[in-house]
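Before any comments, here is the structure.
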Amino acid sequence: MAVTRFAPSPTGYLHIGGARTALFNWLLARKSGGKFILRIEDTDTKRNTPTATEQVKKDLSWLGINWDEGPGIGGENEPYLQSQRRGIYDKYMAKLLAEKKAYYCFETAEELNALRKQAEIAKRNFTYPRPEIFPNDSDVKKAEAAGKPAVIRFAMPFEEIIVSDVIRGEVRFAAGEMGDFVIQKSDSFPTYHFACVVDDELMGVTHIIRGQEHLNNTPCHQALQDSLGFSRPIYAHMSVTISQTGGKLSKRERPKALRNAIKAKAEIDIEKLAKAAGITTDEINEFIAGKTIPDMPAIDAMAEFLGVVLPEINVIDFFRNGYLPETMVNFMALLGWNPGGDKEIMPLEELLDCFDISRFSKSNSLFDRDKLISFNTEYIRTISKEKLLAHFKSYLCEIDSVANKANDVLLAKILEICEGARTLADIERKCRFLFLQNDKIEYDPKAVKKILLKNDGLAILQIIAGKIEAMQEISAEKIENMLRNMAEEKQLGLGKIAQPLRVAICGNTISPPIFESVNMLGKENTLARIDITLRTFEGKAHG
RNA sequence: GGCCCCAUCGUCUAGGUAGGCCUAGGACACCGGGUUUUCAACCCGGCAACAGGGGUUCGAAUCCCCUUGGGGCUACCA
């Protein structure tokens with residue numbers, strides 16, 4: 001019976017690395033019949049964003065990761081927001097202070113930085129110089145009166161610390177390697193290290209699966225656990241997921257990509273860009289200079305304005321780009337973990353079936369978008385029609401598509417004829433033409449030139465129009481027969497006949513299969529679109 | 001700079017804890033071919049790896065050491 005938790009800080013959207021951590025902790029809890037706790041680590045008041053907790057809950061739910069205890073649903077370990085647990089931390093903090101295992105200090109950031117610099121020059125590891133005698137109550141009052149910041153540091157015991165890790169084995173940290181770290185900030189909030197250790201103990205967390213970036217924190221956490229008389233959870237430090245550009249996959253990826261895109265463009269109208277993003281030109285210039293990062297809607301707006309595609313980092317990015325939650329879960333599970341053998345496509349239930357904490361790999365893995373797409377293609381092809389329809393509907397709603405108004409029957413039909421699509425976005429793009437006004441079709445210039453203005457494209461269209469006109473009512477079958485007969489009569493490939501029709505009804509050369517497309521669009525609309533096309537490009541043909 | 005982690009095809013990886021089953025398997029990508037009304041999808045075939053150097057051993061992808069390379073941490077962020 002494993003009790004695990006996912007403990008994000010509410011700083012924005014749930015990113016893929018966080019989701020992966022959540023998934024593995026969830027898998028372990030479910031597999032062992034234990035429980036999975038959601039805890040919000042909001043001890044950094046400066047970085048918290050108000051909607052983040054709700055967003056994280058939404059993103060986890062989309063993935064199908066549910067929690068037994070957490071904000072909103074409560075549980076025996078309430079509350080689940082660390083900002084609401086300060087009384088608890090204060091109690092343990094006081095204990096440490098009373099036992100002289102922690103102490104106050106008053107340096108400013110500048111003073112500390114100077115010390116760090118000195119250490120670096122001397123090629124030494126910086127550790128805080130612990131005073132011989134810890135400051136007492138009156139010292140604290142004096143410092144506060146003088147306006148000095150007061151933080152509490154934990155007095156690290158001087159001894160070798162061995163971290164026993166499920167994935168890495170025994171990792172040794174020499175005595176004195178880890179200095180006295182801050183456990184309470186000057187705003188009197190506990191730091192992550194302290195709050196996390198206390199909560200994990202109180203909530204009965206037995207296993208902690210987290211990223212390798214925490215491995216160096218673990219000796220500190222263990223020392224804290226020992227000093228407080230806590231038990232020690234089992235640790236598993238996973239490999240990190242790296243992006244294609246090298247380096248940890250992080251939320252900084254998107255702003256970085258956007259900044260590079262802006263710099264790469266020779267001429268950019270900063271004012272227009274600012275307007276599109278809803279921010280000031282000063283803010284843009286600071287962003288370009290690398291000083292600040294605008295919020296996500298502004299980033300997205302700028303990317304759209306410039307026509308650049310940003311790498312997906314947040315769970316919601318994948319949702320908005322047409323990936324299925326099933327795809328994401330399966331793919332994330334295979335980043336740094338695998339069940340052995342050749343099997344790759346495994347839905348959540350199967351994953352649960354074969355999950356084994358001892359099968360994590362040690363080396364970092366690269367996030368391969370090509371493989372992700374192929375997984376998505378596979379899932380679109382194989383999940384049930386009902387699930388696919390539900391996913392498609394929520395996708396259309398999320399991106400506010402013109403297809404949003406379609407009913408379930410139509411949508412199901414679209415899904416059926418778009419078999420083989422790689423993402424929901426592909427399907428949406430392909431079928432969008434069905435929902436546009438006849439005179440709102442945008443013609444792709446290349447398609448017009450290549451298909452309509454050459455090889456008698458317009459003349460063929462004219463003939464097709466006549467044949468459709470003559471039909472009492474149309475069907476996919478009738479359209480198919482008509483086009484095939486025509487191709488045969490004219491001694492042409494079907495493509496030569498079908499392509500002009502395709503361009504006429506949807507404006508480009510990409511659409512669902514043509515017979516069904518015409519059928520779904522209907523006789524009247526098809527004729528109207530052919531008519532508009534003919535009138536628009538009449539007389540422009542050449543050769 | 002200091003500390004920590006890691007190292008099999010371009011990528012994700014199987015194999016490594018019990019060394020011979022590995023002339024190293026699968027998947028994605030790529031290349032060639034087939035199918036085809038567009039884009040996809042689908043089918044068949046192909047290319048492609050144990051980072052380098054020392055050991056240990058009858059025998060090493062598998063164990064040990066060094067080098068090199070990659071990654072992480074180094075905050076009053078989590």
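- With rounding to the nearest 0.5 Å, the separation of SG in A:C506 from CG in A:L436 is 10.0 Å.
- Annotation: B:C50 and B:A61 have their C1' atoms spaced 4 Å apart (nearest Å).
- Between A:H214 and A:Y192, the angle of the ring planes lies from 30° to 60°, which puts this pair in the tilted group.
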Query raised in the report: Stepwise, does the side chain to side chain contact (heavy atoms under 4.5 Å, CB included) test hold for A:L521 with A:R529?
Result: CA-CA 10 Å; A:L521 187 60; A:R529 288 185 191 191; 3.6 Å; yes
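- When only modelled atom types and interatomic distance are considered, A:S9 and A:E41 share no side-chain donor-acceptor pair under 3.5 Å.
- Across the protein-nucleic acid pair, A:R172 atom CZ and B:G2 atom C1' stand 20 Å apart, rounded to whole Å.
- Distance check on atom C1': B:A51 versus B:G70 gives 11 Å, rounded to whole Å.
- A straight line from CZ of A:F173 to P of B:C3 spans 12 Å, rounded to a whole angstrom.
- Across the strands present, B:U68 finds its partner in B:A7; the criterion is a Watson-Crick or G-U wobble pair with both atom distances under 3.5 angstrom.
- Between A:F331 and A:F367, the ring-plane angle classifies as perpendicular under the 30° and 60° cut-offs.
- Nucleotides B:U17 and B:C63 have their P atoms positioned 6 Å apart, rounded to a whole Å.
- When the P atom is compared between B:A29 and B:C42, the two are found 9 Å apart, to the nearest whole Å.
- For the P atoms, the distance from B:C5 to B:G20 is 27 Å, rounded to whole Å.
- Comparing the P positions of B:C9 and B:G53 gives a spacing of 16 Å, expressed to the nearest Å.
- At least one test fails for A:R153 against the ring of A:Y103: distance under 6.0 Å to the centre or angle within 45° of the axis.
- Between the side chain of A:R168 and the backbone N or O of A:K362, at least one donor-acceptor pair lies under 3.5 Å.
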Requested in this report: For nucleotides 31-52 of chain B, just jot down a letter per nucleotide in 5' to 3' order: B, S or -, based on protein non-hydrogen atoms under 4.0 Å.
Outcome: ------BBBBSS----------
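- For the C1' atoms, the distance from B:U23 to B:G15 is 16 Å, rounded to whole Å.
- Enclosure of atom CD in A:E488 is not indicated, since only 12 or fewer non-hydrogen atoms of other residues, nucleotides or ligands lie within 6.0 angstrom.
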Report summary line: Its contact letters, B for base, S for sugar-phosphate only and - for none at protein heavy atoms under 4.0 Å, make nucleotides 11-21 of chain B read BBSSS------
Query raised in the report: Given A:S83 and A:D42, is the side chain to side chain donor-acceptor pair (under 3.5 Å) satisfied, shown in steps?
Result: CA-CA 6 Å; A:S83 58; A:D42 55 349; 2.7 Å; yes
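- Checking B:A41 for Watson-Crick or G-U wobble geometry (two distances, each under 3.5 Å) identifies no partner in any strand.
- For B:C73, the paired nucleotide is B:G2, the pair qualifying as Watson-Crick or G-U wobble because both relevant distances are below 3.5 Å.
- Pairing for B:A14 is absent, with no Watson-Crick or G-U wobble pair whose two atom distances lie under 3.5 Å.
- A cation-pi arrangement is absent between A:R210 and A:Y235, since the terminal nitrogen or guanidinium carbon is not both under 6.0 Å from the aromatic centre and inside a 45° cone about the axis.
- Partner A:F154 forms a ring pair (Phe, Tyr, Trp, His ring centres under 6.0 Å) with one of A:Y92, A:F134, A:F181 and no other, that one being A:F181.
- The separation of B:G55 from B:A60, taken at their C1' atoms, amounts to 12 Å, rounded to a whole angstrom.
- For the pair A:I242 CD1 and B:G69 P, the interatomic distance rounds to 16 Å; values are reported in whole Å.
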Report task. Summarise how protein sits on nucleotides 73-78 of chain B as a single string, 5' to 3': B when a protein heavy atom is under 4.0 Å from the base, S for sugar-phosphate-only contact, - for no contact. Result -> S-SBBB
Requested in this report: Under the side chain to side chain donor-acceptor pair (under 3.5 Å) rule, what do A:N481 and A:R484 come out as? Steps first, then yes or no, please.
Outcome: CA-CA 5 Å; A:N481 288 337; A:R484 285 196 192 283; over 6 Å; no
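- Figure legend. B:C30 is base-paired to B:G46; pairs are counted as Watson-Crick or G-U wobble with both atom distances under 3.5 Å.
- If you measure from atom CD of A:E170 to atom P of B:C4, you get 15 Å, rounded to the nearest angstrom.
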